[in-house]
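Order of appearance sets the numbers: ligands from 1, and atoms from 1 within every ligand.
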Amino acid sequence: MIKSYLTKSLLLLLGTITLVACQEKKVKHSIQFPNTDLASENMIPKPFKIIPTNGAFGLDKHTAIFTSQNSIGFPEVGKFLSDKIKEKINLSVPVNESVSETVERIIYINQSDNLDLASNESYQLYITKDSVIINSKTAEGAFRGIQTLRQIIPETSNDTLTNHKMWLIPTGKIWDHPNYAYRGAMLDVARHFFGVEDVKKYLDLLAYYKINVLHLHLSDDQGWRIEIKSWPKLTEVGGKSEVGGGEGGFYTQDDYKDLVSYAAVRHITIVPEIDMPGHTNAASVSYPILNGNGKALKPYSGTHVGFSTFDARKDTVYAFIDDVIREISEMTPGPYFHIGGDESHVTKKRDYILFVDKVEKIVQKYGKKMIGWDEIAQSDIDSTTIGQHWSNESNALSAIKKGSKIILSPAKKVYLDMQYDTLSKFGLHWAAYIPVDSAYQWNPDKYLKGIGSKDILGIEAPLWSETISTMEELEYLAFPRIIGYSELGWTTEENRDWENYRVRLGNQAPFLDQMNVKYYPSPKIDWKN
Ligand code: TNX
């Protein structure tokens with residue numbers, strides 16, 4: 001069976017190539033392609049290795065996409081590429097259609113077991129005059145590869161080489177793989193709620209830059225944002241508040257599943273976070289039995305932190321948490337569940353330690369790996385649990401001593417809610433002002449003394465939403481800094497350089513404009529408009 005599939009796709013490819021070769025003869029004489037340089041294209045994140053061959057592949061109405069047809073997810077990657085080409089340059093490129101006489105050049109997305117393709121996200125991109133071939137072990141790698149291809153398709157066509165429009169893609173070879181397996185963004189939908197369409201737009205943008213995790217901060221003092229069928233008041237009551245007194249909002253379970261599958265098409269993992277035992281006012285307003293500090297409860301629309309806690313000594317609290325983790329885990333195919341754990345200032349230390357231990361077991365019972373903010377390292381965490389470093393170095397070190405890996409989110413460097421400078425319209429500055437250059441110029445492998453690449457799972461850029469409530473405001477804080485974080489997560493240190501990056505960043509303007517992204521036009525960048 002597998003053999004016949006292989007034979008079939010091989011025959012299809014050979015047939016196509018022969019056809020392409022024959023037809024190429026016809027056009028070869030007539031077209032004189034200009035010289036190109038693949039290495040100076042505006043790819044972000046910068047690929048591992050680029051070898052230019054200075055010719056051009058002419059993308060036009062005679063181009064077709066083919067994929068390995070019986071490898072999971074490959075035809076979908078071909079379809080995604082075709083859709084994005086249509087959106088970018090309004091050209092329709094067929095996918096896996098039987099070869100017609102008009103096809104002259106192909107883009108082939110090929111499943112390959114080549115040993116050079118070390119990780120699932122590795123890919124090779126071979127561009128010649130006649131074909132573009134993307135090799136990868138998995139659909140995930142192919143998906144990362146087509147983002148690179150999207151980035152080197154020019155916005156404008158060359159209309160002088162032939163009597164129709166042709167978009168010239170520089171020829172050459174690219175070998176690429178990520179430096180870190182985990183490259184995340186976090187969105188706080190609790191302080192202000194962001195609806196499904198907003199999150200989808202963010203996912204579209206993250207995917208283009210090869211970010212592979214979206215962490216959703218689904219609960220906090222100001223609001224509970226995910227429907228839990230066994231505890232309906234969480235959204236009936238806790239979903240109705242937000243910072244500043246607005247109406248809040250929440251995802252139904254269908255909404256959440258919709259987001260999870262939209263992310264999956266983009267090979268992005270959703271990491272759900274329920275923040276506890278602190279940051280739990282909205283949950284305790286919904287069910288006062290959960291409350292652990294005896295104060296009268298009412299909905300909270302301010303921005304202070306650290307005043308709320310669950311009662312870590314009550315069985316009901318763990319029965320509640322079991323239900324919440326079970327329902328969310330059942331809808332979450334990704335391997336992680338984030339329990340928050342930050343700033344539990346009114347939880348007694350011994351209660352906090354007990355709480356994290358117990359909740360870790362619940363997370364594991366539902367087949368997930370636990371992630372928590374760096375404070376969780378005060379507990380006796382398991383080596384499979386992951387600490388997310390945001391402020392306290394000694395917590396990060398103790399997590400590592402317990403065998404855990406770390407996600408780096410140092411507030412001074414990657415908090416997207418930090419203002420760019422004193423003139424920034426939104427954001428806070430308690431950790432730092434983070435202009436676009438300072439966001440880019442640091443090395444995650446050397447950021448914390450005693451913590452090196454083997455301890456680091458990856459980096460993540462959190463966007464807290466105390467000061468923002470619309471997509472436009474979100475985009476102002478996230479863009480362009482998140483683009484730099486994508487390069488810090490993917491590209492090795494040897495290939496990172498601010499002066500080179502800032503040129504490539506300036507050249508993202510046409511893409512951002514086309515996507516209608518209201519990015520902050522930092523004066524440190526020469527935006528190409
Ligand atoms: C700290 S970072 C927090 C959040 C705030 C953020 C504002 C972290 C784990 N806790 O609750 O929203 O600062 O920048």
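In this structure, a donor-acceptor pair under 3.5 Å is present between the side chains of Q147 and R150. Inspection of the Y180 and D445 side chains reveals an N or O donor paired with an N or O acceptor under 3.5 Å. Using modelled atom types, one finds no donor on one side chain facing an acceptor on the other under 3.5 Å when comparing D254 with T252. Using modelled atom types and a 3.5 Å distance limit, the side chains of D176 and W490 yield a donor-acceptor pair. Judged by distance alone, the side chains of H338 and Q388 do bring a donor and an acceptor atom under 3.5 Å apart.
Contact analysis leaves Q388 out of contact with ligand 1, as no non-hydrogen atom separation drops below 4.0 angstrom.
Close N/O approach between D220 and ligand 1 is not found [any backbone or side-chain N/O within under 3.5 Å]. No N or O atom of D188 sits closer than 3.5 Å to an N or O atom of ligand 1. The shortest N or O to N or O distance between W430 and ligand 1 is under 3.5 Å. Backbone and side-chain nitrogen or oxygen atoms of Y415 are examined, and none is located within less than 3.5 angstrom of a nitrogen or oxygen of ligand 1.
E343 OE1, 3.5 Å is the protein heavy atom nearest to atom 3 (C) of ligand 1. The single protein non-hydrogen atom nearest to atom 12 (O) of ligand 1 is E466 OE2, 2.6 Å, given as residue, atom name and distance. Among protein heavy atoms, the minimum distance from atom 8 (C) of ligand 1 is reached at D342 OD2, 3.3 Å. Looking only at protein heavy atoms, the nearest one to atom 11 (O) of ligand 1 is R191 NH2, 2.9 Å.
Judged by distance alone, the side chain of N495 and the main-chain N or O of F48 form a donor-acceptor pair under 3.5 Å. Counting only distance, with no hydrogens or angles, the side chain of S122 and the backbone of H177 share no donor-acceptor pair below 3.5 Å.
Which of D417, T467, V305 comes nearest to atom 14 (O) of ligand 1 through a heavy atom is settled by distance: it is D417.
Residue M418 has at least one heavy-atom neighbour below 4.0 Å for each of these atoms of ligand 1: 14 (O). In the vicinity of L428, heavy-atom distances shorter than 4.0 Å reach the ligand 1 atoms 7 (C), 14 (O).
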**Message:** Evaluate Y123 against F143 for ring pair (Phe, Tyr, Trp, His ring centres under 6.0 Å), listing each step before the verdict.
**Reply:** CA-CA 9 Å; Y123 68 92; F143 187 81; over 10 Å; no
